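On a predicted model such as this, the values are computed, not experimentally measured, just so you know. Each residue takes its place number in the sequence, starting with 1.
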Amino acid sequence: MAAEEPQQQKQEPLGSDSEGVNCLAYDEAIMAQQDRIQQEIAVQNPLVSERLELSVLYKEYAEDDNIYQQKIKDLHKKYSYIRKTRPDGNCFYRAFGFSHLEALLDDSKELQRFKAVSAKSKEDLVSQGFTEFTIEDFHNTFMDLIEQVEKRTPVADLLASFNDQSTSDYLVVYLRLLTSGYLQRESKFFEHFIEGGRTVKEFCQQEVEPMCKESDHIHIIALAQALSVSIQGCRPLPHRPPLRQALDVYRGFLVVVNGHTSLPHPFPVTRPPVFY
């Protein structure tokens, strides 16, 4: 009787576990790289900068890029200084927040109107289904900054508050919630501008409420309407001479260069713009 051949052990299919490990390692590497980039940005850029000469914008483009260099010259005819904000995806909200509150230091009447609208805004969000407990701290920080302006705080102190990471981020969160709330209240209008087959609520959950998500016209319009203010935006584009004004706005003039927003200061110099 022939000897029995030894049974071959079944080998587990290769690839399933190893591919999973590789994918996990790849994801972790990407996240680590993103963290390093964010840390480098944080080290190099304050949340809101001191007042800078507007001429710093010339360095954003090559010297031989005549079209953009001319657009910066056109901007320089009207504005003298600028403030930059950290390019972390929250720059629009931070730029608007600082620019508007800084302007309110010189306008007590508008300050009281803005304070009343802002105070009521939490009730509006709660009535829409936002959890009061969740949004209360963010709203309190927003109101604390407004009251700081009401007490005629020096610009340097307001700037310090905006460069405090916790305070500044809480403000951004609340402005994002206000933007989301208005978009959802007026969903019948804004649904025509949402791409990808998403509902307005899905868009808000994915593109408005999360931190570090970039803003576009739809965000700017919604926040301006939510707070009954105007925001003027200018974005230098090569095919639209000399400068394209994106929106009619009040007080806050925001310049978008290379996808980042800044705040400029008009002549005579009273306040610098913010760059987001």
Side-chain angles (χ1 to χ4, degrees), residues 85 88-101 103-104 110-143 145-146 169-235 237 240 244-256 259-261 274 276:
T85 58
D88 59 0
N90 301 310
C91 40
F92 160 65
Y93 297 100
R94 235 183 290 274
F96 165 76
F98 183 85
S99 177
H100 194 68
L101 291 181
L104 294 181
E110 170 60 17
L111 172 60
Q112 294 308 313
R113 185 208 66 81
F114 185 74
K115 181 180 179 182
V117 170
S118 301
K120 183 178 178 295
S121 64
K122 187 182 77 169
E123 297 176 14
D124 296 336
L125 291 176
V126 172
S127 68
Q128 285 183 252
F130 289 84
T131 307
E132 182 173 7
F133 176 78
T134 303
I135 69 176
E136 190 167 26
D137 287 346
F138 305 120
H139 179 255
N140 287 342
T141 297
F142 185 39
M143 295 306 300
L145 286 168
I146 295 174
D169 284 353
Y170 269 44
L171 169 78
V172 169
V173 169
Y174 193 70
L175 293 180
R176 285 183 176 278
L177 291 172
L178 287 179
T179 304
S180 175
Y182 188 84
L183 286 170
Q184 293 184 63
R185 284 200 302 275
E186 302 297 331
S187 60
K188 291 297 182 183
F189 173 78
F190 287 106
E191 65 185 4
H192 303 291
F193 304 96
I194 305 298
E195 298 178 345
R198 294 174 291 183
T199 65
V200 172
K201 184 173 184 178
E202 289 171 339
F203 174 80
C204 289
Q205 291 173 339
Q206 297 168 10
E207 305 294 340
V208 181
E209 295 174 15
M211 292 289 280
C212 303
K213 284 290 185 176
E214 298 285 352
S215 301
D216 207 335
H217 287 71
I218 191 171
H219 305 73
I220 298 171
I221 293 169
L223 182 59
Q225 292 295 319
L227 291 171
S228 298
V229 298
S230 298
I231 302 172
Q232 185 176 8
C234 180
R235 184 174 188 176
L237 295 173
R240 298 197 180 180
R244 172 182 166 225
Q245 288 193 356
L247 302 166
D248 277 336
V249 264
Y250 159 88
R251 296 187 182 283
F253 185 84
L254 310 180
V255 181
V256 183
H260 185 62
T261 306
V274 178
Y276 89 83

- [ ] Find the distance between CG (L171) and CE (M143) and round it off to the nearest 0.5 Å.
- [x] 12.0 Å
- [ ] Report yes if the distance between the aromatic ring centroids of F193 and H217 is under 6.0 Å, otherwise no.
- [x] no
Open item on the list: Just verifying a value: how many Å separate S215 OG and F96 CZ, rounded to the nearest 0.5 Å?
Closed with: 12.0 Å
- [ ] Could you walk me through whether Y93 and H219 pass the side chain to side chain contact (heavy atoms under 4.5 Å, CB included) test, one step at a time?
- [x] CA-CA 10 Å; Y93 297 100; H219 305 73; 3.6 Å; yes
Open item on the list: In the structure I gave you, are the side-chain heavy atoms of R113 and V229 within less than 4.5 Å of one another anywhere?
Closed with: yes
- [ ] Taking Y174 for its side chain and K122 for its backbone only, find out whether a donor-acceptor pair lies under 3.5 Å.
- [x] yes
TODO: Please report the shortest heavy-atom distance between F130 and S180, naming the atom on each side.
DONE: CZ-OG, 4.0 Å
- [ ] List the steps and the verdict of side chain to side chain contact (heavy atoms under 4.5 Å, CB included) for L178 and L223.
- [x] CA-CA 7 Å; L178 287 179; L223 182 59; 4.2 Å; yes
TODO: Enter the distance from E207:CD to E214:CD here, rounded to the nearest 0.5 Å.
DONE: 10.5 Å
TODO: Check for a donor-acceptor pair, side chain of D216 on one end and backbone N or O of I218 on the other, with a separation under 3.5 Å.
DONE: no
Task: Under 3.5 Å: donor-acceptor pair, side chain of R94, backbone of V172 - done: no
TODO: Mind checking the CG-CG spacing from N140 to L145? Nearest 0.5 Å is all I need.
DONE: 11.0 Å
Open item on the list: Tell me the closest heavy-atom pair linking L227 and S118, and the distance in Å.
Closed with: CD2-OG, 4.1 Å
Task: Validation row: F114, L101 side chains within 4.5 angstrom (heavy atoms) - done: yes
Task: Shortest non-hydrogen separation from C91 to T85 and the atoms involved - done: CB-OG1, 3.3 Å
Open item on the list: Tell me every residue that passes side-chain hydrogen bond (donor to acceptor under 3.5 Å, both in side chains) with Q128, counting only those two or more places apart in sequence or in another chain.
Closed with: R185
- [ ] Give, for atom CD of E209 and atom NZ of K201, the distance between the pair rounded to the nearest 0.5 Å.
- [x] 9.0 Å
Open item on the list: Is any side-chain heavy atom of V200 closer than 4.5 Å to one of C204?
Closed with: yes
Open item on the list: I'd like to check the ring pair (Phe, Tyr, Trp, His ring centres under 6.0 Å) partners of F138; sequence neighbours left out, ordered by chain and number.
Closed with: Y170
Open item on the list: So, using side-chain hydrogen bond (donor to acceptor under 3.5 Å, both in side chains) as the criterion, who are the partners of T179 when residues are at least two apart?
Closed with: none
Open item on the list: I need the I135 CD1 to L177 CG distance, nearest 0.5 Å.
Closed with: 6.5 Å
- [ ] Locate the shortest heavy-atom distance separating E202 from R198; write the atom from each residue and the value.
- [x] OE1-CA, 3.3 Å
Open item on the list: Using the rule given for side chain to side chain contact (heavy atoms under 4.5 Å, CB included), can you reason through N90 versus R176, listing the C-alpha separation, both sets of side-chain angles and the distance that settles it, and then say yes or no?
Closed with: CA-CA 9 Å; N90 301 310; R176 285 183 176 278; 2.9 Å; yes
TODO: State, with a plain yes or no, whether a side-chain heavy atom of D124 is found less than 4.5 Å away from one of Y182.
DONE: no
- [ ] Could you check H100 against I146 for side chain to side chain contact (heavy atoms under 4.5 Å, CB included), going step by step and ending with a plain yes or no?
- [x] CA-CA 10 Å; H100 194 68; I146 295 174; over 6 Å; no
- [ ] Answer yes or no: is there a side-chain heavy-atom contact under 4.5 Å between T199 and I194?
- [x] no
